Amino acid sequence: MTTTTGTSMAPDPVQVAVEQELTDTVVASFKNTPDERLKTLMESLTRHLHSFIREVRLTEEEWDAAINFLTACGHITDDKRQEFILLSDIFGASMQTVAVNNPTHGNATEATVFGPFFTEDAPEIPNGGDIAGGATGQPCWVEGTITTTEGKPVPGARIEVWEADDEGFYDAQYSDGRIAGRAHLFADENGQYSFWGLTPTPYPIPHDGPVGKLLAAVNRSPVRASHLHFMVTAPGQRTLVTHIFVDGDPQIAIGDSVFGVKDSLIKKFIEQKPGTPTPNSRDLAGQPWARTRFDIVLAPEAGNIPKSHD
Ligand code: BEZ
Ligand code: FE
């Protein structure tokens, strides 16, 4: 223990016993929980929370500030704005949960954070179609294959893709109800897919609320590395939620605000000069465009999920 004058002193054993007894009593209060898993979660959360409070010697003012912070997160949250997901993301709690539940499996594509902007209502497009739906940005041809870890194509795999426009906003962040920068499509009989998206650009997570204030207080940037979201589902395969990132994006070195970047997900987006013929003869009226390739390998369903970390 450190006193306010900075000198260390041994903790008072009576005080330690009082604090430990409270922790033990609260842990014991969950002993009749019928659901074993809930019992484990509540007991462990209690131990970790008490241990945090005791370790940092949390003041009553700090606890009040924490309650006020969580209250503000609740007040700003609605069906379009989810401050608690942002909070989980900036603590790396979302990515840690992804890591625990999507263990590496051979050459399977790595998963990353889901984020708050997926919606169920994305229109279907054919292979080679355009996801933009009016979202602004540089057209980008995206293609690849979906295979199993044994290299077998996965025909008919469902691919959801979504991304922000070049102003840094998802459709859901506009109040006009537009659906743009998102779609779903299906891999063809050879497990191949392709679509026109937009070359991703960096953008901040919503930072005009309590989570943004917290990031400012700790001198951290809200900006995410440029990315394009994917969710791929196929019978018998583990659902993959991931993104691809843009090789050379300086934000990768600066740091992604939600810790989502993995080296294996950084892809080359190759710039094409205006007038370069497009893969499916799309007329881009002389605009520059880009292309990238993302070959996706799906792990088998429930493949290799460990029950505990040790
Ligand atoms: C996103 O990828 O859009 C995102 C992820 C985490 C928090 C906010 C946004
Ligand atoms: Fe995103």
Side-chain angles (χ1 to χ4, degrees), residues 69 72-74 76-99 101-102 109-122 131-133 135-138 140 142 159-174 178-184 195 197-216 218 220-232 239-247 249-252 254-262 264-267 269 292 294:
F69 173 82
C73 288
I76 201 171
T77 294
D78 60 21
D79 56 350
K80 292 211 155 174
R81 172 72 178 257
Q82 231 305 355
E83 199 72 0
F84 292 99
I85 295 184
L86 300 182
L87 184 57
S88 157
D89 293 339
I90 63 112
F91 267 107
S94 303
M95 273 308 286
Q96 196 64 277
T97 308
V98 168
N101 288 279
N102 297 269
T109 302
E110 290 189 279
T112 190
V113 64
F114 198 42
F117 295 122
F118 172 75
T119 62
E120 301 281 351
D121 54 9
I131 76 164
T136 54
Q138 183 191 58
C140 179
V142 184
I159 305 157
E160 299 272 354
V161 285
W162 67 104
E163 64 178 322
D165 62 18
D166 64 358
E167 301 286 326
F169 295 114
Y170 286 82
D171 52 3
Q173 292 174 285
Y174 292 96
R178 72 182 75 177
I179 296 180
R182 67 178 70 243
H184 72 273
F195 62 88
L198 302 170
T199 306
T201 48
Y203 64 86
I205 65 169
H207 59 114
D208 55 345
V211 168
K213 276 198 195 133
L214 176 61
L215 285 176
V218 296
R220 265 177 56 184
S221 161
V223 178
R224 291 223 56 202
S226 315
H227 62 273
L228 166 61
H229 293 260
F230 282 75
M231 177 163 70
V232 185
T239 294
L240 173 68
V241 174
T242 196
H243 325 331
I244 50 173
F245 296 90
V246 180
D247 193 17
D249 174 6
Q251 196 63 36
I252 292 178
I254 296 167
D256 179 42
S257 54
V258 304
F259 310 99
V261 179
K262 293 185 171 177
S264 68
L265 300 175
I266 302 173
K267 303 293 169 194
F269 282 69
T292 190
F294 182 33

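Not measured: the values here are computed from a predicted model. Residues: numbered from 1 along the sequence shown. Counting starts at 1 for both ligands and their atoms, in listed order.
By the side chain to side chain donor-acceptor pair (under 3.5 Å) test, Thr119 is found to be paired with Asp121, Arg182, residues two or more places apart in sequence or in another chain being considered.
Atom 4 (C) of ligand 1 has Pro116 CD, 3.5 Å as its closest protein atom, hydrogens excluded (heavy atom only). Looking only at heavy atoms of the protein, atom 1 (C) of ligand 1 is closest to Tyr203 OH, 3.0 Å. Looking from atom 7 (C) of ligand 1 to the surrounding protein, the closest heavy atom is Asp89 OD2, 3.0 Å.
If you run side-chain contact (heavy atoms from CB on, under 4.5 Å) between Leu86 and each of Cys73, Ser94, Pro116, only Pro116 comes through.
The shortest separation from a heavy atom of Tyr170 to ligand 1 is under 4.0 Å, placing the residue in contact.
Checked against a 3.5 angstrom limit, the closest N/O atoms of His243 and ligand 1 fall outside it.
Counting backbone and side-chain atoms alike, His243 contributes no N/O/S atom closer than 2.8 Å to the Fe ion (ligand 2).
In this structure, NE2 of His227 and NE2 of His229 enclose an angle of 90° at the Fe ion (ligand 2), rounded to 10°.
Around atom CZ of Phe91, no more than 12 heavy atoms belonging to other residues, nucleotides or ligands sit under 6.0 Å away.
Side-chain rings of Phe195 and Trp162 stay apart, their centers remaining 6.0 Å or farther from each other.
Taking all atoms of both residues into account, the shortest heavy-atom contact from Phe230 to Ile159 is CD2-CG2, 3.8 Å.
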